[in-house]
Amino acid sequence: MKTRSIQSTLSRWFAIQTLAGLSIACVAVYGATRWSFQLKQEEEFERHNELVRHVVAETRSPPNIDLLRHKLDDYFRTHPDINVSLWTGKNRIYFSQQADVKGNWISHAQALEGMTFEGKPVEVRLTLDSTGDDLLLRRLGWTLVAAASLGSLIVALTGSLIVRRGLKPLKLLAEQTANAGPAKPGRRIDVETFASELQPWIVQFNALLGRVEGAYAQLEAFNADVAHELRTPLANMIAQTEIELSQPRPVAALREAMSSQLEEAHRLSAIVTDMLFLSKADRGAQARRTAPVSLAEQVRAVGEFHEAELEQTALSLDIVGDATLQVDVGLLRRALSNLLSNAIRYAKPESQVRVVIRREPAEVTIAVVNEGEAVDPASLPHLFERFYRADKSRSGSSSHHGLGLTIVAAIARMHGGTTFAASEHGVTRIGFSLGDATP
């Protein structure tokens with residue numbers, strides 16, 4: 001398909017519009033001029049009619065045909081552009097025959113009301129030569145056609161230059177856009193150098209660049225994190241397999257090695273499963289809400305699942321508040337489990353882990369609070385990022401691979417909510433909100 005040019009399209013439309021406008025104006029001028037000539041010709045006929053009427057009135061009493069012809073000849077011989085004939089009934093009593101009868105002649109006949117000659121009504125028949133007027137009209141017509149065509153051509157050419165000049169900012173914008181992108185982070189298009197009509201587009205494009213750069217940086221970090229997280233268990237599996245195959249081993253040793261391999265395989269499977277879930281959430285998946293349930297009951301059920309971990313570090317679980325809400329129970333329990341597991345892992349022994357449920361006007365918040373070492377304030381905004389660990393060591397156990405809080409954030413988004421985190425004075429509070437879908 002042929003690419004359309006804004007410059008040629010605008011220039012063409014300028015020319016068409018100008019041609020149409022000038023054509024209408026020229027037609028109006030031509031029509032007004034022709035109408036003026038017609039009025040002039042009618043005035044000529046009327047003037048000659050009055051002259052003939054005056055001569056007939058002078059010579060009818062007593063009737064003198066010779067005197068009538070003499071007076072009319074004296075006048076019309078000096079006016080070669082008009083012929084006149086007088087009729088009384090079927091008799092022609094006068095005719096001013098001119099030598100040159102060529103040209104465009106217009107005829108006009110009129111009875112002289114109240115006038116008689118030799119007792120008979122008089123009719124005057126005039127023919128007027130309009131050759132001069134017709135020639136002027138033709139010249140005027142061709143002049144107007146030439147003016148309209150030339151004017152349209154001039155407007156097309158000047159319009160093309162004006163459009164080209166007006167489109168220069170777009171070419172500059174294209175050059176600056178080509179120089180921006182993820183490969184050149186931080187480079188933006190200067191809004192102030194462009195016209196106000198382009199500024200909203202540039203602002204949106206700069207915002208899009210920011211989002212693209214953020215996604216690009218996140219993708220790079222994600223690739224690095226995935227490679228790191230998968231490299232460790234794979235390296236362990238490869239090394240252990242090479243060791244076991246390097247020399248004969250008893251069945252018990254091989255069984256122990258296979259159990260270790262299975263543990264690493266489970267860790268890899270968990271990472272892949274979590275990544276698939278996060279990918280689904282990133283594509284905009286929504287939670288499938290069931291009938292309203294008690295959130296405190298769900299926290300209590302998840303707490304029973306973690307009861308052994310709580311007892312191991314002499315922790316107690318306290319549930320504060322309650323709310324009834326339509327949620328995806330499976331996803332909710334998964335988010336609660338991740339938060340409780342995280343709180344138990346970092347809580348001070350023999351302390352209390354509290355789950356605070358609070359009803360807000362349009363949502364419900366669930367916060368898990370534990371006592372322990374405070375989280376670095378610089379790390380708080382990154383807690384829900386993939387594979388992020390506040391200690392930067394990346395040395396988590398086989399059951400924790402840095403996706404727990406990221407999954408919590410995804411579940412919150414699937415329920416129309418957000419996440420939050422705060423840590424000060426030895427108390428850490430991490431939680432999420434759930435949007436109320438009740439109509």
Side-chain angles (χ1 to χ4, degrees), residues 215 218 222 225-226 229 269-306 309 317 319-346 353-360 362-370 375 379-390 396 399-422 428-438:
Q218 185 178 7
F222 169 74
D225 289 332
V226 168
E229 293 297 329
S269 177
I271 293 176
V272 172
T273 301
D274 289 345
M275 292 305 303
L276 289 175
F277 173 78
L278 291 175
S279 176
K280 181 180 177 181
D282 289 341
R283 290 197 302 269
Q286 298 295 316
R288 292 179 292 182
R289 300 177 184 252
T290 60
V293 297
S294 169
L295 299 185
E297 290 296 328
Q298 302 305 316
V299 174
R300 193 171 291 108
V302 174
E304 291 177 358
F305 178 78
H306 291 277
E309 297 178 61
L317 178 63
I319 303 173
V320 180
D322 191 11
T324 302
L325 193 67
Q326 292 179 332
V327 294
D328 187 318
V329 175
L331 294 180
L332 174 64
R333 290 190 176 187
R334 186 174 185 181
L336 291 172
S337 178
N338 289 350
L339 288 177
L340 281 176
S341 176
N342 185 76
I344 292 171
R345 188 161 65 253
Y346 296 106
V353 175
R354 290 187 299 121
V355 180
V356 181
I357 303 172
R358 180 177 299 173
R359 163 71 71 173
E360 302 291 346
E363 61 182 10
V364 174
T365 61
I366 302 176
V368 178
V369 184
N370 67 275
V375 180
S379 299
L380 289 176
H382 306 286
L383 290 181
F384 297 96
E385 295 178 1
R386 301 178 185 185
F387 301 113
Y388 183 83
R389 293 187 179 89
S399 59
H400 304 289
H401 43 263
L403 292 176
L405 294 183
T406 307
I407 292 175
V408 172
I411 293 173
R413 290 196 306 272
M414 294 172 72
H415 285 83
T418 58
T419 55
F420 52 86
T428 300
R429 180 175 176 270
I430 302 177
F432 62 100
S433 63
L434 300 171
D436 191 351
T438 304

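Every value quoted in this text rests on a predicted model; they were computed, and no experiment measured them.
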**Asked** Just by distance, do the side chain of Thr290 and the backbone of Val327 share a donor-acceptor pair under 3.5 Å?
**Response** yes
Between side-chain atoms of residues 298-305 and protein atoms elsewhere (two or more places apart, or another chain), which donor-acceptor pairs fall under 3.5 Å?
unit_1: Gln298; atom_1: OE1; unit_2: Arg333; atom_2: NE; d: 2.7
unit_1: Gln298; atom_1: OE1; unit_2: Arg333; atom_2: NH2; d: 3.2
unit_1: Arg300; atom_1: NH1; unit_2: Glu297; atom_2: OE2; d: 2.9

**Request:** Could you grab the distance from atom CG of Leu336 to atom CG of Leu295, nearest 0.5 Å is fine?
**Result:** 8.0 Å
**Request:** Kindly write out the residues that satisfy side-chain hydrogen bond (donor to acceptor under 3.5 Å, both in side chains) with Asp328, not counting sequence neighbours, or none if the list is empty.
**Result:** none
**Request:** Search all heavy atoms of Thr419 against all heavy atoms of Ala412 and return the closest pair with its distance.
**Result:** CG2-CB, 4.1 Å
**Message:** Given Phe432, which partner from the list Thr418, Thr365, Leu339 fulfils the side-chain contact (heavy atoms from CB on, under 4.5 Å) test?
**Reply:** Leu339
**Message:** Please determine whether side chain to side chain contact (heavy atoms under 4.5 Å, CB included) holds for the pair Arg359 and Asp436, giving the CA-CA distance in whole Å, both sets of side-chain angles, and the decisive distance to 0.1 Å.
**Reply:** CA-CA 10 Å; Arg359 163 71 71 173; Asp436 191 351; 2.9 Å; yes
**Message:** Does Arg334 have more than 12 heavy atoms from other residues, nucleotides or ligands lying within 6.0 Å of its CZ?
**Reply:** yes
**Asked** Rounded to the nearest 0.5 Å, how far apart are CG of Leu317 and CG of Asn370?
**Response** 11.5 Å
**Request:** Provide the closest heavy-atom pair for Phe420 versus Ser433 in the form atom of the first, atom of the second, distance.
**Result:** CE2-N, 4.3 Å
**Message:** The test is side chain to side chain contact (heavy atoms under 4.5 Å, CB included); show your working for Asn342 and Asn338 and say whether it passes.
**Reply:** CA-CA 6 Å; Asn342 185 76; Asn338 289 350; over 6 Å; no
**Request:** Apply the test side chain to side chain contact (heavy atoms under 4.5 Å, CB included) to residues Arg288 and Leu331: give CA-CA distance (whole Å), side-chain angles for both, the deciding distance (0.1 Å), then the verdict.
**Result:** CA-CA 9 Å; Arg288 292 179 292 182; Leu331 294 180; over 6 Å; no
**Item:** Main-chain N/O of Phe384 paired with Thr406 side-chain donor or acceptor, under 3.5 Å
**Value:** yes
**Asked** Under the 3.5 angstrom rule, does the side chain of Arg289 hit a backbone N or O of Leu325 as a donor-acceptor pair?
**Response** no
**Smallest separation among heavy atoms of Val356 and Arg354, with atom names** = CG2-NH1, 3.7 Å
**Message:** Ignoring hydrogens, what is the shortest heavy-atom contact between Ser337 and His306? Give both atom names and the distance.
**Reply:** OG-NE2, 2.8 Å
**Asked** Which heavy atom of Ala343 sits nearest a heavy atom of Val353, and at what distance?
**Response** CB-CG1, 4.1 Å
**Message:** Minimum heavy-atom separation for Gly435 and Glu363, please, with both atom names.
**Reply:** CA-CB, 4.2 Å
**Asked** Where the side chain of Arg358 meets the backbone of Val320, is there a donor-acceptor pair that is under 3.5 Å apart?
**Response** no
